[in-house]
Each structure stands twice: as structure tokens, then as C-alpha cells.
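Step one of this worksheet: look at the structure below.
Given the structure is predicted, the values throughout are model-derived calculations rather than measurements.
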Amino acid sequence: MRVLVTGAAGFLGSHLVDRFLAAGHRVLGMDNQLTGNPANLAHVAQHPNFEFHRQDVTTFIEVEGALDGVLHFASPASPVDYLELPIQTLKVGALGTHKALGLAMAKQARFLLASTSEVYGDPLVHPQPESYWGNVSPVGPRGVYDEAKRFAEALTMAYHRYHKLDTRIVRIFNTYGPRMRPNDGRVVSNFIVQALRGEPLTVYGDGSQTRSFCYVDDLIEGIMRLFERGGADPTNIGNPHEFTVRQLAERVLALTGSKSKIVERPLPVDDPRVRQPDITRARKTLGWEPKVSLEEGLRRTIAYFQAIVAHEGARKT
Ligand code: UDP
């Protein structure tokens with residue numbers, strides 16, 4: 001196969017590139033490097049089956065040759081990013097998805113949309129099955145991401161129904177692991193980097209809000225199975241083990257052995273109170289479930305950030 005991954009220099013995009021290359025496929029990676037990091041692809045730059053195009057996918061995408069798959073992962077994905085880049089976030093979810101779908105049509109390729117648990121907003125149903133329609137403020141600051149992804153899902157289903165395009169929608173729940181940016185702003189990377197630097201861990205609100213954290217390898221395995229043998233209906237992929245944000249902070253302190261304190265900071269607007277995926281569909285249709293515990297996943301992620309923080313320290317001295 002030859003596949004296109006948009007957002008290839010991002011955290012998830014780059015892991016996806018690795019998995020397709022490891023399976024012997026050819027991969028075209030695209031990224032405008034707005035939030036993507038070229039270092040995430042440095043190890044495959046010379047790979048004979050990999051090519052990279054620096055491109056903004058909100059404008060017409062031109063690709064020479066055949067494609068069997070288009071996986072649309074381009075988007076700012078951290079709340080901090082989409083607050084800073086609201087228009088770009090809306091454009092890549094809306095215009096970028098349109099361009100990527102159009103390309104998939106032209107190439108008769110299978111299309112996979114990276115959607116998100118944010119389509120459920122601040123959920124009134126818990127845990128969240130795919131049948132839940134969500135509780136999203138279209139005009140709140142997070143609406144730029146949530147509504148762009150909801151529009152992207154609607155557009156994907158329209159191409160599926162009207163053009164008979166072979167499509168998949170993965171609703172990705174909080175995922176963490178190596179290659180998140182140290183300044184990404186999301187909770188796992190923030191806490192680990194803060195702990196390693198000896199800075200206070202910033203818990204937003206009182207830390208009683210919950211998330212369910214999935215290690216990146218588990219997520220990528222679920223996405224590969226969905227791409228290969230899933231259906232057009234949206235599928236939740238995430239880890240159903242739910243923790244409060246304060247529990248996560250305590251876990252990170254214990255695993256890093258850090259003496260950092262925990263401090264409270266204001267809760268962002270529209271921050272969901274709870275989040276946990278109902279993964280019944282993924283279990284049934286893909287035979288998939290996550291395998292890596294939070295403790296094991298955090299250990300691997302801490303090891304990754306230790307190298308980065310040590311490098312920063314060496315540069316300062
Ligand atoms: N959060 C926090 N401290 C941080 C970063 C995030 O307490 O330094 C909280 C945030 O308010 C949210 C949860 O952790 O309740 C997860 O935030 P994240 O940005 O990782 O992703 P979200 O699930 O909100 O998209």
C-alpha cells in the first residue's frame with residue numbers, strides 16, 4: 001500500500017508513519033509544521049519508503065501517483081494550541097478535511113479521520129458511547145476544535161453516503177507517550193516536565209475532573225485495526241481506566257521521585273468534568289482493547305522526557 005498521513009510530524013501522525021513503514025508500506029507524510037515537530041520524523045527521513053511534503057492541507061493537495069489510504073491527522077490538538085490558533089484549528093478541521101476527502105475520492109483511497117472525544121464536549125452521559133451526541137458549546141473557546149471535528153465527521157459521513165467513499169472515523173480519547181512536545185500544554189506532558197524540572201505541578205481547578213489516559217502504542221494499534229477492518233461508524237479508541245487529574249499528579253510525583261509541590265490554577269473555560277470512553281464497539285468489531293497500564297505508560301513517557309530535560313540542562317550550563 002501507499003498511504004498519505006496528514007499531520008505526519010505530530011505526536012500521533014509520526015507514530016502512525018512508523019507503524020505503516022514497519023508493516024512494509026510506502027508513506028507520504030504531510031505537515032505544515034505549525035504544531036508538528038520535524039524531529040519526530042528525523043529517524044525516517046532517509047527511509048526508502050518514506051517521503052515528506054511540507055504543506056498546509058487547507059489548500060488544494062496535489063499528490064502524484066496512486067494512494068490506497070488517506071489518514072487525516074493534521075490539527076492543533078492541545079487546548080492551549082487551539083486557543084492560540086483558533087482560525088487555523090477551524091480551517092484544518094473543515095477545509096483540510098474537505099481537501100483530504102477530495103484527494104481520497106480522486107485516488108479511490110480509503111479515508112480515515114482522526115476525530116476526538118471532544119465531540120462529546122462536557123458529557124452528560126458517562127462513560128461515553130459512540131451513540132451519545134454530546135454537549136458542546138459552539139461559541140465557547142473550545143468550540144473551535146470541537147465544532148471543527150464535528151463538522152469533519154459530518155463531512156466524512158456525507159462523502160461516505162453520497163460518494164460511497166470507504167471511510168473510517170476514530171474518536172481519540174486522551175493519549176500520551178513519547179514525542180509529545182515538552183511545551184504541549186496537555187496534562188501528562190505538563191506534569192512530567194514540571195516534575196523533572198522541580199517546578200510545581202499545575203492542577204487546574206481542584207483536580208477532581210477526570211480523564212482516561214491511553215498509551216500511544218495501544219491507540220495506534222486500535223487505529224491500524226480500524227483502518228484495516230473497521231466500519232464507517234465512528235469508533236471510540238481510548239483507555240477506559242479513569243483517574244482524577246489530582247491522582248495523575250500524585251502518580252507522576254511518585255514515579256519521578258520529584259519533590260515538586262502541587263499548586264492549583266484556574267480551570268479553563270468549558271473544561272469537561274469527566275471523560276471515559278465506552279469501548280464496547282472497538283472490543284466487538286476490532287477485538288481491540290488497551291494493554292499498557294498507566295504506570296507502565298508513564299514510565300516510558302518519563303524516560304523520553306528525562307532525555308529532553310537533561311539536554312536542556314546541558315545547554316544551560
Ligand atoms: N490540566 C491540568 N494541568 C495542566 C494541564 C491540564 O490540571 O497543566 C487539566 C485540564 O484542565 C483538564 C485535564 O487536565 O481537566 C486534561 O487536560 P488536557 O489539556 O491534557 O486535555 P483535554 O482532555 O482537556 O483535552
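- The hydrophobic cluster containing Phe60, built from Ile/Leu/Val/Met/Phe/Trp/Tyr side-chain heavy atoms closer than 4.5 Å, comprises no other residue.
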Item to check | Residues Glu295, Arg299; criterion salt bridge (Lys or Arg N to Asp or Glu O under 4.0 Å); working and verdict | outcome: CA-CA 6 Å; Glu295 179 140 337; Arg299 280 187 202 286; 3.0 Å; yes
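- Partners of Arg283 under the side-chain hydrogen bond (donor to acceptor under 3.5 Å, both in side chains) rule, at least two apart in sequence or in another chain, are Glu289.
- Qualifying side chain to side chain contact (heavy atoms under 4.5 Å, CB included) partners for Pro268, counting only residues two or more places apart in sequence or in other chains: Tyr204, Asp271.
- Under 4.0 Å is where a charged nitrogen must lie from a carboxylate oxygen, and between Arg181 and Asp81 at least one such pair does.
- For His47, there are no ring-ring contact (aromatic ring centres under 6.0 Å, His included) partners two or more places apart in sequence or in a different chain.
- Checked by atom type, the side-chain pair Arg273/Ser208 shows a donor-acceptor distance below 3.5 Å.
- For the 3.5 Å distance criterion, the side chains of Gln194 and Thr202 qualify, holding a donor opposite an acceptor.
- A donor-acceptor pair is defined here as one N or O able to donate and one able to accept, closer than 3.5 Å; such a pair exists between the side chain of Asp218 and the backbone of Lys291.
- At a cut-off of 3.5 Å, with distance as the only test, a side-chain donor of His126 or Glu242 sits close to an acceptor on the other residue.
- Note on ring orientation: taking the six-membered ring where Trp is involved, the planes of Tyr176 and Phe213 are perpendicular (angle over 60°, cut-offs 30° and 60°).
- Other residues, nucleotides and ligands contribute over 12 non-hydrogen atoms within 6.0 Å of the CZ atom of Arg229.
- Side-chain contact, Arg275 with Gln128: no donor N or O sits under 3.5 Å from an acceptor N or O.
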Cut-off 3.5 Å, no hydrogens considered: what does the side-chain donor-acceptor table look like for residues 83-91, sequence neighbours left out?
residue : atom : partner : partner atom : Å
Thr89   : OG1  : Leu85   : O            : 2.6

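- By the neighbour-count criterion of 12 heavy atoms within 6.0 Å, atom CD of Glu264 is densely surrounded, having more than that number from other residues, nucleotides or ligands.
- The distance from atom CG of Leu165 to atom OH of Tyr162, rounded to the nearest 0.5 Å, is 14.0 Å.
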Item to check | Steps toward ring pair (Phe, Tyr, Trp, His ring centres under 6.0 Å) verdict (Phe305, Phe191) | outcome: CA-CA 11 Å; Phe305 281 116; Phe191 285 177; over 10 Å; no
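- The shortest side-chain heavy-atom distance between Val3 and Leu28 does not fall under the 4.5 Å cut-off.
- For His98, the NE2 atom counts as loosely surrounded, since its 6.0 Å shell holds 12 or fewer non-hydrogen atoms of other residues, nucleotides or ligands.
- Side-chain polar atoms of Ser212 and His241 form no donor-acceptor pair below 3.5 angstrom.
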Next on the checklist: salt bridge (Lys or Arg N to Asp or Glu O under 4.0 Å), that's the test. Do Arg26 and Glu51 meet it? Break it down for me.
Outcome noted: CA-CA 8 Å; Arg26 288 188 296 147; Glu51 56 184 307; 5.9 Å; no
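- Taking every heavy atom of both residues into account, Leu196 and Gln306 meet most closely at CD1-N, 3.6 Å.
- When the options Val216, Thr301, Asp18 are evaluated for a side-chain contact (heavy atoms from CB on, under 4.5 Å) with Arg179, the one that passes is Asp18.
- Taking a cutoff of 4.0 Å between a charged side-chain nitrogen and a carboxylate oxygen, Glu153 and Lys149 do not qualify as a salt bridge.
- Arg110 has a carboxylate O that lies under 4.0 Å from a charged side-chain N of Asp166, or vice versa, which qualifies the two as a salt bridge.
- With no hydrogens or angles considered, a side-chain donor-acceptor pair links Arg171 and Tyr120 at under 3.5 Å.
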Can I get a per-line list of side-chain donor-acceptor pairs under 3.5 Å for residues 34-41, giving both atom names and the distance, sequence neighbours left out?
residue : atom : partner : partner atom : Å
Asn37   : OD1  : Ala39   : N            : 3.0
Asn40   : ND2  : Ala9    : O            : 2.9

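- Salt bridge status for Glu221 with Arg225: present, with a side-chain N to carboxylate O gap under 4.0 Å.
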